[in-house]
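Every value quoted in this text rests on a predicted model; they were computed, and no experiment measured them.
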Amino acid sequence: MQLTVWTYEGPPHVGAMRVATGMEGLHYVLHAPQGDTYADLLFTMIERRDRRPPVTYTTFSARDLGGDTAELFKTAAQNAYDRFQPQAMLVGASCTGSLIQDDPGGLARALALPIPVVAVDLPAYQRKENWGAAETFYQLVRALAGPSAPAPGTPRPERATGVRARCNLLGPTALGFRHRDDIVEITSLLAKLGIDVNVTAPMGATPADIARLGEADFNVVLYPEIAGQAAAWLQRTFGQPFTRIVPIGVSATREFVEEVAKLAGVDASATLASASTRLPWYSRSVDSTYLTGKRVFIFGDATHAVAAARIASDELGFKVVGLGTYSREFAREIRDAAKRHDVEPLITDDYLEVEAKVAELQPELVLGTQMERHIAKRLGIPCAVISAPVHVQDFPARYAPQMGFEGANVIFDTWVHPLMMGLEEHLLAMFKDDFEFVDGAVPSHLGAGHSAAVPQAVPADPVAAAAMASEISVVWASDAEKELRKIPFFVRGKARRNTERFANENGVSTITIETLYDAKAHYAR
Amino acid sequence: MNVHVQGCTVAAEAAPKPVRRENGQREVFCGLTGIVWLHRKIQDAFFLVVGSRTCAHLIQSAAGVMIFAEPRFATAIMEEKDLAGLTDANDELDRIVAQLIARRPEIRLLFLVGSCPSEVIKLDLSRAALRLSQKFSPAVRILNYSGSGIETTFTQGEDACLASLVPAAPQARTGEAQLLIVGALADVVEDQFIRMFDALGLGRVQFLPPRKASVLPDIGPNTRFLLAQPFLTDTARALEDRGATRLAAPFPLGVEGTTAWLRAAADAFGVAPALFESVTHPHRIRAERALVRYRDQLGGRRIFLFPDSQLEIPLARFLSRELSMQLVEVGTPYLHREHLAEELRLLPDDVVLSEGQDVDLQLDRCRLARPDLVVCGLGLANPLEAEGITTKWSIELVFTPIQGYEQAADLAELFARPLVRRAKLVA
Ligand code: SF4
Ligand code: SF4
């Protein structure tokens, strides 16, 4: 058993849901108890999806366990087919579903549905979300693209001259960090190079699209955590090479352009020459001098963390003081990168361990997941999010890729924004004793409430307090004052003002609990 | 607009209302969710879920990762080797509990909370609780209950938790009748009720759950209890087993519900009607005044409630009788006819009630009916909004102070706001 407070990754079937929900025309039938339906809200609330995830849960109960849960599964699968008419069906079990050993794959096959049924068996007590997504995607690719595979050993036919190169973009899923925008950015980058995208998968692909993955000349692996396994199989089966460089950051994007150009047999020089990104110049401009050597702590999935470390150090001139990941499957990548940056790698999925490390290192900037955002907030350290898991505010309304040249611009803005501006920082250092420059002072463009460490201004001097309260002459009875404190802090100020206004207007000189609620009812909204 | 006639038209012995029963896919949380509010309510208790990564992820997702402080809950995530044999699983559990108690020495009460996986592999948490209690008593008391999705739906987790506290509560020594309020309420609401009972001269009033686990209410044959929440089946039974008597009443939602709820206590304790009137009257008038504008906004609007917290029936009663809303369908995960008898009597005769769920069929009915407002869980809200149907997500009804006179208008506001918002937005 492992004692866990907060988790970076959900169970593996949530990874399968990310694949299924990203796709079109696929339905997932999951043998699971009712509470597991919570996973829908990840997609409908956090990602603001306008449709329910294409998932049917059997929601078996204790009562069913004595009876026929297998029959329950078959009914659910048949009903799901009849109602949703998917092109293909994914079947599996959640952690509890797997314990009752009903064999969803066998049961679904027994229904003899006229569509491909792909069973994914996810070891819920060993593996986690990203692994589940990778395994699901791999199984889908095998099952759907497999039938059109050439005989083993068949060499890939040469592309006819005059035909544009085609690749697949592999890895984006529902609930991924900026996957939505990365697809757009990389597709347009490839178009500039004269390369067409055959299929983007899983996001946006139908089962029929997966079946024609083999038609592309090569694969672009955007997120190795999810697409690595499938890409390796496609290479073995269809002889499709795949990319190793993830285009996050200016240098990596340039290298990526060269890599795909080579795979596609096209010339990259024009694209590289015309590539426009402001990051290099913004970094060189004198205003950015103050960024030099800022101590930064980085934690996330391996791909984003490694990329962030490189950008931080080589493109922004920060100093990487900590680097880690929660994905043990990619520990090697993090260890290698940590060696390059001369730091101890932190490989853990224990949130408390990460928090302790941040507290110990006291960095000036934290780049992490939503968990690190909370850690940083508690410790009063500026923070930017670079990796899943993320929350609703990390699905911005605007276009905000991480990849490609525009992604580099986004990264510059996002990482620099939480920091003090150069001159501001100097002034703070010069006039430490200014009474308004308290410990928790935040950058002036961010305002109060951005950092948890902002102490509340409490006027100690009664004269000043009276002056602040302007012409209000009412007093608060102590029990009313106590009652007021039970109101959540973020509306307490408003409640206080309203009550005092109400008391003044009604000639009440002492505010009692009754006045408080009279006022509340008066201003009810 | 349809003006609802309140009061005497309700026949006291109305025939039992028909209920549609459904047994398909349910789109509801499991009982573990209750930990999200219970761990804040009982300030010296800790909740240790013995479950899977799914359970940990559920609580975290329902809580929206609110890290104000290190929370007083955690999950002991079972791994492959824990499934190999129960001895190993028990040893592992002991190790985790020792680790936890060392980390959080201020904890007085530890709940071992069962989940689907722990139940399916038949890990006996009641025996584990006994074993561990012996080891850690008297510093820490260890109890257990099930919040599993195969046994409990959403708020039933609170029921299971409170029921587990009842046998641990001390025996009442006084011969006098004592009032006990049962069901977690926001502290501010609890304080209002305390003042109200005080003014009614009811003497000492106790609450379950208490704010401190170290001061459990005392219970005995002289205990009269009022349920503050409609989902406390097992807790009520456990209290009755200890000789306590339940005071039948509607639930304290809205002015009418609050008055009837308070009156049940007042009557049981022989409070003079004149005193009851003088104590409650000003609150009633004030709350009714605050409700007026909401009746203008909500009156005649058609509402559809998906099953979620079991609060649906008292809510429907409030919405139909005090705000003149029309009930299209009132779903509830589970209908306790006895505890809800007073509520059911107050619902319109032609109300459509459903118990259990088949979410796809229910969505079909909802789309067909095109209600003005749908109360549903987080998984359904945005998809329905995208179809042009206004929604109110139900979990907010559990996380907001809504009981009592002073909150009646706040409760109405929760329903009015989505409609006001939709009317405001033009883009
Ligand atoms: S339904 Fe069961 S397995 Fe799922 S989160 Fe709830 S207790 Fe855990
Ligand atoms: S009980 Fe209610 S409805 Fe009946 S007379 Fe009294 S106020 Fe009117």
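Most heavy-atom pairs under 4.5 Å with chain A: of the set B/Glu387, B/His283, B/Gln192, B/Arg95, this distinction falls to B/Gln192. Of the residues considered (B/Asp360, B/Thr33, B/Leu100), B/Asp360 shows the highest number of contacts with chain A, using heavy-atom pairs under 4.5 Å. In terms of non-hydrogen atom pairs under 4.5 Å with chain A, the most contact-rich of B/Ala290, B/Ala76, B/Ala381, B/Pro117 is B/Pro117. Per-residue heavy-atom pair counts under 4.5 Å with chain A were compared for B/Leu93, B/Asp82, B/Ile121, B/Asp88, and the maximum is reached by B/Asp82. Counting heavy-atom pairs closer than 4.5 Å to chain B, the top residue among A/Ala521, A/Pro11, A/Ala39 is A/Pro11. With chain A as partner, the option from B/Pro383, B/Cys55, B/Cys30 having the largest number of non-hydrogen pairs under 4.5 angstrom is B/Pro383.
Contact annotation for A/Ala76: neither backbone nor side-chain heavy atoms come within less than 4.5 Å of a heavy atom of chain B. For chain A, no part of B/Leu291 is nearby; none of its heavy atoms comes within less than 4.5 Å. Contact annotation for A/Ser94: neither backbone nor side-chain heavy atoms come within less than 4.5 Å of a heavy atom of chain B. Neither the backbone nor the side chain of B/Ala416 comes within contact range of chain A; no heavy atom of the residue lies under 4.5 Å from a heavy atom of that chain. Using a 4.5 Å cut-off between heavy atoms, B/Gln99 contacts chain A through its side chain alone, with no backbone atom that close. For chain A, the nearby part of B/Val359 is the side chain; its heavy atoms alone come within less than 4.5 Å. If you measure heavy-atom distances from B/Arg72 to chain A, you find no contacts under 4.5 Å at all. Proximity to chain A (any heavy atom under 4.5 Å) is shown, for B/Asp187, by neither the backbone nor the side chain. In this structure, no portion of B/Leu384 lies under 4.5 Å from any heavy atom of chain A. Using a 4.5 Å cut-off between heavy atoms, B/Leu32 makes no contact with chain A at all. Neither the backbone nor the side chain of B/Glu385 has a heavy atom closer than 4.5 Å to any heavy atom of chain A. Looking at A/Asp518, the atoms closer than 4.5 Å to chain B (heavy atoms on both sides) sit in the backbone and in the side chain alike. With a threshold of 4.5 angstrom between heavy atoms, B/Asn23 approaches chain A through side-chain atoms but not through N, CA, C or O. No part of B/Leu414 comes within reach of chain A, as not one of its non-hydrogen atoms sits under 4.5 angstrom from that chain. Only the side chain of A/Val14 comes within less than 4.5 Å of a heavy atom of chain B; its backbone N, CA, C and O stay farther away. No part of A/Tyr8 comes within reach of chain B, as not one of its non-hydrogen atoms sits under 4.5 angstrom from that chain. At a 4.5 Å heavy-atom cutoff, the contact between B/Thr152 and chain A is made by backbone atoms alone. With a 4.5 angstrom heavy-atom cutoff, B/Val120 touches chain A only via side-chain atoms. For a residue to count as touching a neighbouring chain, one of its non-hydrogen atoms must lie under 4.5 Å from one of that chain's; by this rule B/Val49 does not touch chain A.
Distance CG/A/Leu3 to CG/B/Leu48: 6.5 Å, rounded to 0.5 Å. The distance from the OG1 atom of A/Thr7 to the CD1 atom of B/Ile77 is 6.5 Å, given to the nearest 0.5 Å. Here B/Asp191 contributes atom CG and A/Ile513 contributes atom CD1; the two are 8.5 Å apart, rounded to the nearest 0.5 Å. For the atom pair CD (B/Gln357) and OG1 (A/Thr37), the distance works out to 8.5 Å, reported to the nearest 0.5 Å. Atom-to-atom distance recorded for B/Ser52:OG and A/Asp36:CG is 7.0 Å, nearest 0.5 angstrom.
With B/Gln60 contributing its side chain and A/Trp6 its backbone, the two residues share no donor-acceptor pair below 3.5 Å. A/Gln2 places no side-chain N or O within donor-acceptor distance of the main-chain N or O of B/Thr75, the cut-off being under 3.5 Å.
Shown here is A/Asp121, whose CG atom has no more than 12 heavy atoms of other residues, nucleotides or ligands within 6.0 Å. Residue A/Lys482 places its NZ atom among 12 or fewer non-hydrogen atoms of other residues, nucleotides or ligands, all under 6.0 Å distant. The local environment of CH2 in A/Trp131 is crowded, with over 12 non-hydrogen atoms from other residues, nucleotides or ligands closer than 6.0 Å.
Using a 4.0 Å cut-off between charged nitrogen and carboxylate oxygen, B/Asp364 and A/Arg83 count as a salt-bridge pair. A salt bridge links B/Arg286 to A/Glu514: one of the charged nitrogens lies within less than 4.0 Å of a carboxylate oxygen.
Side-chain contact between A/Asp40 and B/Leu380 is absent, with no heavy-atom pair separated by less than 4.5 Å. Between A/Gln34 and B/Thr153 the shortest side-chain heavy-atom distance falls below 4.5 Å. Between A/Asp479 and B/Arg195, the closest side-chain pair of non-hydrogen atoms is not below 4.5 Å. Side-chain contact between A/Lys520 and B/Asp410: present, with at least one pair of heavy atoms (C-beta onward) separated by less than 4.5 Å. A/His13 places a side-chain heavy atom less than 4.5 Å from the side chain of B/Thr54. Between A/Leu352 and B/Arg103 there is a side-chain heavy-atom pair separated by less than 4.5 Å. Two residues are said to be in side-chain contact when any heavy atoms from C-beta on lie closer than 4.5 Å; B/Asn382 and A/Arg49 fail this criterion.
Scanning all heavy atoms of the two residues, the minimum distance from B/Gly379 to A/Thr44 falls at O-CG2, 3.3 Å. Nearest heavy atom pair, residue B/Ser61 against residue A/Leu41, reads O-CD1, 4.2 Å. When all heavy atoms are compared, the tightest approach of A/Gly35 to B/Leu58 is O-CD1, 3.4 Å. Annotation for B/Gly24 and A/Thr59: closest pair O-OG1, 3.5 Å, computed over non-hydrogen atoms. Nearest approach of B/Glu79 to A/Met1, heavy atoms of both residues: OE1-N, 3.4 Å. B/Val188 and A/Glu483 get closest at one heavy-atom pair: CG2-OE2, 3.7 Å.
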Test side-chain contact (heavy atoms from CB on, under 4.5 Å) applied to A/Thr56 and B/Gln25, step by step:
CA-CA 7 Å; A/Thr56 293; B/Gln25 180 185 325; 3.5 Å; yes
Please evaluate residues B/His57 and A/Tyr38 with respect to the criterion side chain to side chain donor-acceptor pair (under 3.5 Å), reporting the C-alpha separation (whole Å), side-chain torsions for both, the decisive distance (0.1 Å), and the verdict.
CA-CA 9 Å; B/His57 204 229; A/Tyr38 81 88; 2.7 Å; yes
Using the rule given for side-chain contact (heavy atoms from CB on, under 4.5 Å), can you reason through A/Arg52 versus B/Glu27, listing the C-alpha separation, both sets of side-chain angles and the distance that settles it, and then say yes or no?
CA-CA 11 Å; A/Arg52 296 173 62 210; B/Glu27 181 83 16; 3.6 Å; yes
